Amino acid sequence: MISVSVFLTNCYRVITAPPPPGKPGVSIIPRPLSLESYEGYFTISPETVICLDAGDSETEQVARYFSDRLGTVSGFQLPIVHEIPVVPSKVFLFKKGAKDSLGNEGYQLTVEEQLITCEANNPQGLFYGVQTLFQLLPPEIYSAKPVSGIHWAIPCLRISDAPRYRWRGMLLDVSRHFFPKEFIKNFIDYLARHKMNTFHWHLTDDHGWRVEIKRYPKLTEIGAWRVDREDQPWNLREPQKEGEEATYGGFYPQQDIKEIVDYGRSRFVTIVPEIEMPGHCLAALASYPQYSSRGGPFTVPPGGVYPVYDVYCPGNEEIFEFLQNILSEVIELFPSEYIHIGGDEVDRTLWKACPKCQSRIAAEGLKNEEELQSYFVRRIEKFLNSRGKKLIGWDEILEGGLAPNATVMSWRGTEGGIEAARQGHDVVMTPTSNCYFDYYQGDPEKEPLAIGGFLPLGKVYSFEPTPSELTPEEAHHILGVQANLWTEFVPTQEHAQYMIFPRIAAVAELGWSAKENKNWEGFKARMAEQFKRYDLSGINWAKSAYAVRVFPELVPAKKELILKLETETSRPEIRFTLDGKNPTAASPRYTKPIHLKKSAVLKAAHFLNGQIIRGITEEKFYVHKAQGKPVRLEYAFKEKYSGGGDLGLTDGIRGSKSYGDGLWQGFEQDNLLASIDLGKSQKVKQITAGFLQDSGAWIFLPTSIEFAISSNGHDFQVISTLTNDISPLSTDVVKKDFSANLRGAKARFIRVHAKNIGTCPEGHPGAGGKAWLFVDEIVVN
Ligand code: TNX
């Protein structure tokens with residue numbers, strides 16, 4: 001154990017620091033293990049000295065990292081010294097290293113008015129102590145340029161801190177979109193500032209091969225480039241045509257990789273490279289088609305293709321030589337103990353028909369193609385192990401049997417991770433449900449285009465990486481947690497920042513902070529300061545947390561709706577209207593749930609210093625004649641899209657443009673045939689039924705809708721039959737209402753019959769596949 005200390009001391013003058021103006025409470029993210037606050041401040045001045053008691057270069061680097069940042073913003077050039085300055089100065093010197101309990105990454109920080117001590121067992125711990133120091137300073141510490149008029153003061157306190165997990169990671173996919181070297185370095189800084197230590201670099205996939213491999217130059221000459229269809233929707237891009245040039249893409253020469261690995265080292269971020277196999281490899285096959293089962297030729301796809309049949313052929317002995325040669329160069333480049341080999345979403349169709357694959361199955365006594373994949377992974381693992389590296393792969397590597405020493409990255413939920421831990425394997429948790437930063441973090445209508453899903457800040461924060469099903473022994477195998485930024489829908493750096501921030505803060509806290517220290521209210525309060533830091537760093541962070549979300553609740557007995565309004569920020573100033581006007585700083589402030597007794601348009605917004613900070617939330621709520629009345633369905637909805645169940649179509653709450661919002665009722669290939677008993681015969685003016693079309697999700701508007709009424713529930717009289725005029729091939733997400741006017745006819749029973757298109761139409765990527773019909777709310781007035 002080495003013992004190091006960083007000292008900052010005011011040598012010449014005693015400055016009794018007044019509380020800096022407007023200095024809020026301490027807001028450290030991720031939340032430290034323990035913190036005690038004291039009166040007073042340590043104020044940095046030009047005379048402050050940084051003193052090291054350890055002579056190693058890494059410690060020196062950490063100190064320089066601190067003084068450089070401070071220098072940039074304050075203009076102070078604090079000297080770094082190894083000897084206690086001569087009088088008049090106050091220096092404390094710690095001879096011993098920090099406590100064992102702080103481990104490899106922990107640190108202890110003591111701030112007194114004359115002295116700051118940062119202690120750790122390793123430079124990495126010191127580095128995290130410095131990150132905490134930054135957060136104790138005014139947020140201007142993050143500025144790119146000098147800032148004047150700042151009182152560079154640090155509140156007196158004592159912090160003892162260490163991480164909960166050793167793997168605190170984030171994936172960046174540079175295959176679907178290429179990101180330049182400078183951005184990769186920024187990305188590493190984003191991690192470091194949040195005390196995250198692992199950068200999972202997704203370097204290869206169908207859409208581009210991004211790492212130079214000297215032995216196979218075509219991987220980047222051909223595999224790094226695709227035809228430019230960036231102006232078209234990802235899932236509707238035509239493959240490269242004869243004669244078209246592949247001009248879009250890029251790759252990292254080995255020299256750049258070395259530079260980035262060094263940069264990571266200086267930020268204590270380990271880079272785990274991912275070389276995808278045996279699937280997600282079209283870019284490699286476009287370069288070397290002989291390693292597929294079919295032999296090609298292939299081009300690098302400019303956008304989404306699914307399924308991808310062409311994968312590496314594990315029946316071909318040469319494939320192992322090819323991949324091992326690639327991995328050898330990768331191992332040379334990356335000092336990480338882990339190499340990620342992908343393993344996800346492998347389409348095994350072609351292996352069934354491939355004579356080489358089939359003879360491999362016979363020769364090795366394998367049962368099927370699943371086991372063939374497992375055989376493939378085992379061989380790769382053997383190779384990696386022989387080179388002193390550990391294999392890590394996506395949870396599909398469990399199928400057909402795990403390779404003996406493999407670590408599993410659990411992405412399709414936590415089940416794969418649980419299974420692997422039970423088998424005694426190490427696990428990194430990164431389930432789509434809580435860790436996929438390519439998902440929307442707010443209302444899709446107000447967010448930049450994303451892949452789908454819904455992952456607001458709070459949902460990231462709510463994740464518990466160690467499943468309660470595991471015994472303490474098994475739980476030991478949970479190495480940590482990771483967020484993933486896949487970039488099919490993320491073409492620019494600004495957009496990447498938007499998807500990363502602020503969710504990275506939540507995942508950082510999951511990985512670092514003790515379970516007992518997790519607290520959503522506290523986190524939200526600390527985020528207010530974190531947002532300022534992001535602003536001052538010039539980061540394009542998502543303001544989605546400020547959006548007002550409405551949680552309506554139906555009270556069927558009372559025929560009213562109760563609306564609860566929330567944001568993901570602490571103590572929000574929400575103002576609202578119910579009269580259709582936009583809210584202003586003078587509108588009523590939301591303090592308790594709103595009781596709605598008649599249909600109304602709610603408009604609400606979060607105000608900060610008199611200004612609306614993130615748009616107006618507008619939702620119409622219906623209090624109508626069928627409200628709370630049970631709906632009888634001839635064909636059942638699918639459980640996954642229950643839309644709230646039995647009262648889902650009559651709860652007064654309408655689905656959004658996001659089919660997965662829980663409000664839509666979904667019918668797979670079936671029609672909607674719904675009847676509602678209003679309880680007694682009454683005058684009806686209008687019946688409206690709302691539908692969704694999201695052709696990318698195989699959801700189509702009905703081909704026709706028939707409205708009927710009855711007085712006895714048996715004999716129905718058709719009032720109106722409507723057809724739909726929006727093309728099922730339209731790629732826009734459309735919400736469409738269909739209405740029948742009854743002009744006060746008397747009815748007790750209402751029936752709506754909407755015809756499902758049945759199968760995805762010709763010209764649609766899923767042509768012939770089962771089509772969905774999505775309905776929400778049958779409104780009766
Ligand atoms: C699944 S996560 C994938 C990626 C996609 C991602 C989109 C995983 C192991 N495979 O190839 O980019 O979904 O969310």
Side-chain angles (χ1 to χ4, degrees), residues 169-179 198 200-210 226 233-235 237 272-285 300-312 338-348 373 377 391-399 406-417 420 427-441 444 447-455 459-460 463 481-491 495-496 499-500 503 507 658-660 696-697:
M170 183 146 174
L171 170 146
L172 180 68
D173 164 12
V174 295
S175 173
R176 274 57 177 269
H177 284 100
F178 177 73
F179 292 86
T198 306
H200 174 171
W201 202 359
H202 189 76
L203 282 163
T204 74
D205 210 302
D206 297 318
H207 305 91
W209 183 283
R210 306 294 179 211
R226 64 190 192 221
W234 176 262
N235 282 319
R237 294 179 184 174
V272 177
E274 179 178 352
I275 305 296
E276 273 266 23
M277 59 187 82
H280 281 283
C281 59
L282 273 184
L285 294 180
V300 181
V305 258
Y306 200 87
V308 177
Y309 293 116
D310 291 287
V311 299
Y312 292 132
Y338 289 95
I339 303 289
H340 202 300
I341 57 96
D344 60 310
E345 301 180 316
V346 183
D347 193 293
R348 295 184 275 253
Q373 185 174 339
V377 176
L391 178 146
I392 181 166
W394 299 108
D395 57 47
E396 285 94 331
I397 65 171
L398 277 152
E399 294 163 11
T407 298
V408 169
M409 206 167 245
S410 190
W411 73 280
R412 297 174 303 174
T414 52
E415 295 76 13
V427 170
V428 174
M429 283 297 186
T430 179
T432 51
S433 55
N434 302 80
C435 298
Y436 269 46
F437 285 10
D438 54 342
Y439 285 10
Y440 284 108
Q441 54 198 315
E447 294 284 330
L449 183 68
I451 198 166
F454 184 59
L455 183 58
K459 196 158 178 209
V460 180
F463 181 57
V481 59
Q482 175 172 303
N484 300 329
L485 183 58
W486 301 102
T487 58
E488 289 95 330
F489 291 82
V490 184
H495 195 161
M499 302 311 272
I500 295 167
R503 291 183 287 194
V507 82
S658 169
Y659 69 86

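Whatever order the structure lists ligands and atoms in, that order sets their numbers, starting from 1. Fair warning: this is a prediction, and the values are worked out from it, not measured in the lab.
Contact detail for V311 and P278: the closest heavy-atom pair is CB-O, 3.0 Å. The two atoms that bring P273 and L203 nearest to each other are CB-CD1, 4.0 Å, heavy atoms only.
The salt bridge (charged side-chain N to carboxylate O under 4.0 Å, His left out) check on R226 picks up E230, with sequence neighbours excluded. The salt bridge (charged side-chain N to carboxylate O under 4.0 Å, His left out) test applied to E399 returns R348, R412, not counting sequence neighbours.
Proximity to W394 (heavy-atom distance under 4.0 Å) selects the following atoms of ligand 1: 9 (C). Short contacts between ligand 1 and I451, defined as distances under 4.0 Å to a heavy atom of the residue, involve ligand atoms 7 (C), 14 (O). The contact set between ligand 1 and H280, taken as ligand atoms under 4.0 Å from a residue heavy atom, comprises 11 (O).
Using cut-offs of 30° and 60° on the angle between ring planes, the pair Y436 and W411 is parallel.
The single protein non-hydrogen atom nearest to atom 2 (S) of ligand 1 is Y436 OH, 2.5 Å, given as residue, atom name and distance. If you check which protein heavy atom lies closest to atom 3 (C) of ligand 1, you get E345 OE1, 3.5 Å. Protein heavy atom in closest approach to atom 8 (C) of ligand 1: D344 OD2, 3.3 Å. Annotation: atom 7 (C) of ligand 1 to nearest protein heavy atom, D438 OD2, 3.3 Å. Looking only at heavy atoms of the protein, atom 13 (O) of ligand 1 is closest to W411 CZ3, 4.2 Å. With respect to atom 11 (O) of ligand 1, the closest heavy atom belonging to the protein is R176 NH2, 3.0 Å.
The shortest N or O to N or O distance between E488 and ligand 1 is under 3.5 Å.
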**Asked** Passes side chain to side chain contact (heavy atoms under 4.5 Å, CB included), E276 versus C281? Steps please.
**Response** CA-CA 6 Å; E276 273 266 23; C281 59; 5.5 Å; no
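Residue-ligand proximity: M409 is placed with every non-hydrogen atom at 4.0 Å or more from ligand 1.
Aromatic rings from H207 and W486 are positioned such that their centres are separated by 6.0 Å or more.
With M170 as the fixed residue, the side-chain contact (heavy atoms from CB on, under 4.5 Å) test singles out one of T430, I500, N484: I500.
If you look at D173 next to ligand 1, there are no close heavy atoms at all, none under 4.0 Å.
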